[in-house]
Amino acid sequence: MERRCPYAPPAEYDRIRAENPVTQVELPTGKRAWVLTRHEDVRAMLADPRFSSDRANPRFPTLVDNTPMRAAFKPSLISMDPPEHGPARRAVVGEFTVRRMEALRPRIQEIVDQAIDDLLAAGEPADLVTHLSLPVPSLVICELLGVPYADHEFFQLHSGRLLSRDTSPEDRRHSVDQLTSYLDKLIVEKEAAPTDDLLGRQILKQREEDNVDHEALVSLAFLLLIAGHETTANMISLGVVALIEHPEQLALLREDPGVTLSAVEELLRYFTIAEVATTRLAVEDVEIGGVRIKAGEGVIGLSNAANHDPAVYERPDELDIARGARNHVAFGFGAHQCLGQNLARMELQIVFDTLFRRVPSLRIAKPVDELDYKRNATVYGLHSLPVTWS
């Protein structure tokens, strides 16, 4: 379903939540799945181990044909269930703690400052996506993983195709093959000479534990590389648009930079750009919201609907950066909650604080309704964002 405006969830979500909050739908792949629209039900499902994340299961309710992904990779973190998921997540979660992210803050600030320099040097009108939204998270995740940033155009092209629901099965397979081959070669190089980055440290850890698994590393690199730049890039663009279009909210942020953390949480709730990441498969009969979901049936927790549930958030369709948007599910919930959420929060805080301080006159160069939105993509966002300043 398409959003009713650049900001709000599809209009049908409100009606479904009010009239039939746990209901079945037919997916583009022809499969049927239950959709959950209430905040309480989505969180309950995500915390329940009777719902599987195994995307290799042919009954998993995918929106697009994921056969190429299943064929190319060993299960990655997002596709694992216990008992494999716990050890695999613990092996890498230490790379994303608040403490480790804080150690990266000075370098991320440098990257943001340079990106804004490049934006201003480009002259008006400039594309914020090209000069800021994409380069910042791409460069950060490349340095964290140890992936050459010089290759960013290559992996941005293919990750964009994979996240678009308009991509043909043939093009999807080609992009999977291209990225897999690229990362396989990169991991081989790091195995020969481990580097001081996330992937290099994972190689050394595997050797210490006598648990070397090349394919698992390729799968992990694939997941982190795509997730690490596409999601944050789109949140930067959408956040800038929302703040400029709500000048009273932007004024609050400018008056007190301490509000930025709350503003980031509200923007994450407000847009909820990756709403179908919360898709699962019931492995036992489970009752959710008074409805019996049978083993083998698919379930989609519509996190965007959950984050606009009026039972939890007063005036949910209004942007209120001071509301203290707690317990939102923009990063999911439960065992599979987003691994990189601390990094994403920090990048967004630094970008919004720095951009509006250094370019206080920043404006959008065309009507918001005419911007090029990613309306049929797994991750909502903007293809481009022309901006001006004075």
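Between S181 and D184, the closest side-chain pair of non-hydrogen atoms is not below 4.5 Å. By the 4.5 Å heavy-atom criterion applied to side chains, I141 and V147 are not counted as neighbours. Annotation: side chain of L77 is in contact with side chain of L220 (closest heavy-atom distance under 4.5 Å). At least one side-chain heavy atom of R55 sits under 4.5 Å from a side-chain heavy atom of S53. Using a 4.5 Å cut-off on side-chain heavy atoms (C-beta onward), L238 and L267 make no contact. F51 places none of its side-chain heavy atoms less than 4.5 Å from the side chain of L46.
Under a hydrophobic-cluster definition in which Ile, Leu, Val, Met, Phe, Trp and Tyr are linked whenever side-chain heavy atoms come within less than 4.5 Å, directly or via other members, L253 and V112 are assigned to the same cluster. Cluster annotation: V291 is not connected to V35 through the hydrophobic network of ILVMFWY side chains, with a link wherever side-chain heavy atoms come within less than 4.5 Å. Hydrophobic clustering (side-chain heavy atoms under 4.5 Å, transitive across Ile, Leu, Val, Met, Phe, Trp, Tyr) groups L104 together with I236. If you chain together hydrophobic residues whose side chains sit under 4.5 Å apart, L27 and M45 never meet in one group. Under the 4.5 Å side-chain heavy-atom criterion for ILVMFWY residues, no single connected hydrophobic cluster contains both L281 and F333.
Sorted by first then second residue, the ring-ring contact (aromatic ring centres under 6.0 Å, His included) pairs that include residues 342-370, not counting sequence neighbours, number zero. Identified under the salt bridge (Lys or Arg N to Asp or Glu O under 4.0 Å) test for residues 125-134, with sequence neighbours left out: none. The list of salt bridge (Lys or Arg N to Asp or Glu O under 4.0 Å) pairs with a residue in residues 141-150, not counting sequence neighbours, reads R107-E143. Sorted by first and then second residue, the salt bridge (Lys or Arg N to Asp or Glu O under 4.0 Å) pairs with a member in residues 327-349 read E265-R345; sequence neighbours excluded. Within the structure, salt bridge (Lys or Arg N to Asp or Glu O under 4.0 Å) pairs that include any residue of residues 286-302 comprise D285-R292 (at least two apart or interchain).
Counted within 6.0 Å of CZ on R254, heavy atoms from surrounding residues, nucleotides or ligands total more than 12; the atom is thus considered enclosed. Atom CZ of R99 is surrounded by 12 or fewer heavy atoms from other residues, nucleotides or ligands within 6.0 Å. No more than 12 heavy atoms of other residues, nucleotides or ligands lie within 6.0 Å of CD in E40, so this atom counts as exposed by the packing criterion.
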Scan the side chains in residues 380-390 for donor-acceptor partners under 3.5 Å anywhere in the protein, sequence neighbours excluded, and list what turns up.
| residue | atom | partner | partner atom | Å |
| --- | --- | --- | --- | --- |
| Y380 | OH | P6 | O | 3.0 |
| T388 | OG1 | R363 | NH2 | 3.4 |

Pair up each side-chain donor or acceptor in residues 243-251 with any protein partner under 3.5 Å, not counting sequence neighbours, and list the distances.
| residue | atom | partner | partner atom | Å |
| --- | --- | --- | --- | --- |
| H246 | ND1 | A242 | O | 2.7 |
| Q249 | OE1 | I321 | N | 2.7 |

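N57 contributes atom CG, which lies 6.5 Å from atom OG of S52 (distance to the nearest 0.5 angstrom). Note that the OH atom of Y270 and the CG atom of D320 stand 10.5 Å from one another [nearest 0.5 Å]. The NZ atom of K31 sits 10.0 Å away from atom CG of L63, with the distance rounded to the nearest 0.5 Å. Here the CD1 atom belonging to I78 is positioned 11.5 Å from the CG atom belonging to L339, to the nearest 0.5 angstrom. In this structure, the separation between OG on S76 and CZ on F222 is 9.0 Å, given to the nearest 0.5 Å. Expressed to the nearest 0.5 Å, how far OG1 of T260 lies from CG of L348 amounts to 11.0 Å.
Donor-acceptor pairing under 3.5 Å is recorded for the side chains of E191 and H214. Of the N and O atoms on the side chains of Q349 and D353, not one donor lies less than 3.5 Å from an acceptor on the other residue.
Every side chain to side chain donor-acceptor pair (under 3.5 Å) that N20 has, sequence neighbours left out, goes to T23. H85 meets the ring-ring contact (aromatic ring centres under 6.0 Å, His included) test with H336; sequence neighbours excluded. Listed by chain and number, the residues in a salt bridge (charged side-chain N to carboxylate O under 4.0 Å, His left out) with E189 amount to none (sequence neighbours excluded). Partners of F96 by ring-ring contact (aromatic ring centres under 6.0 Å, His included), not counting sequence neighbours: none found. Residues satisfying the ring-ring contact (aromatic ring centres under 6.0 Å, His included) test with F154, not counting sequence neighbours, are H158, Y182.
What you find for L134 and P137 is that their closest heavy atoms are O-CD, 3.5 Å.
For E208 and R201, the salt-bridge test fails: no basic side-chain N is under 4.0 Å from an acidic carboxylate O. A salt bridge is defined here as a Lys NZ or Arg NE, NH1 or NH2 lying under 4.0 Å from an Asp or Glu carboxylate O, and E19 with R15 meets this definition. Salt-bridge formation is not detected for the pair R43/D48: no Lys NZ or Arg NE/NH1/NH2 atom is positioned less than 4.0 Å from an Asp or Glu carboxylate oxygen.
Each of R269, H39, H308 was checked for a side chain to side chain contact (heavy atoms under 4.5 Å, CB included) with H328, and the lone residue meeting it is R269. When each of V22, L36, D309 is tested with R17 by the rule side chain to side chain contact (heavy atoms under 4.5 Å, CB included), just one qualifies, namely D309.
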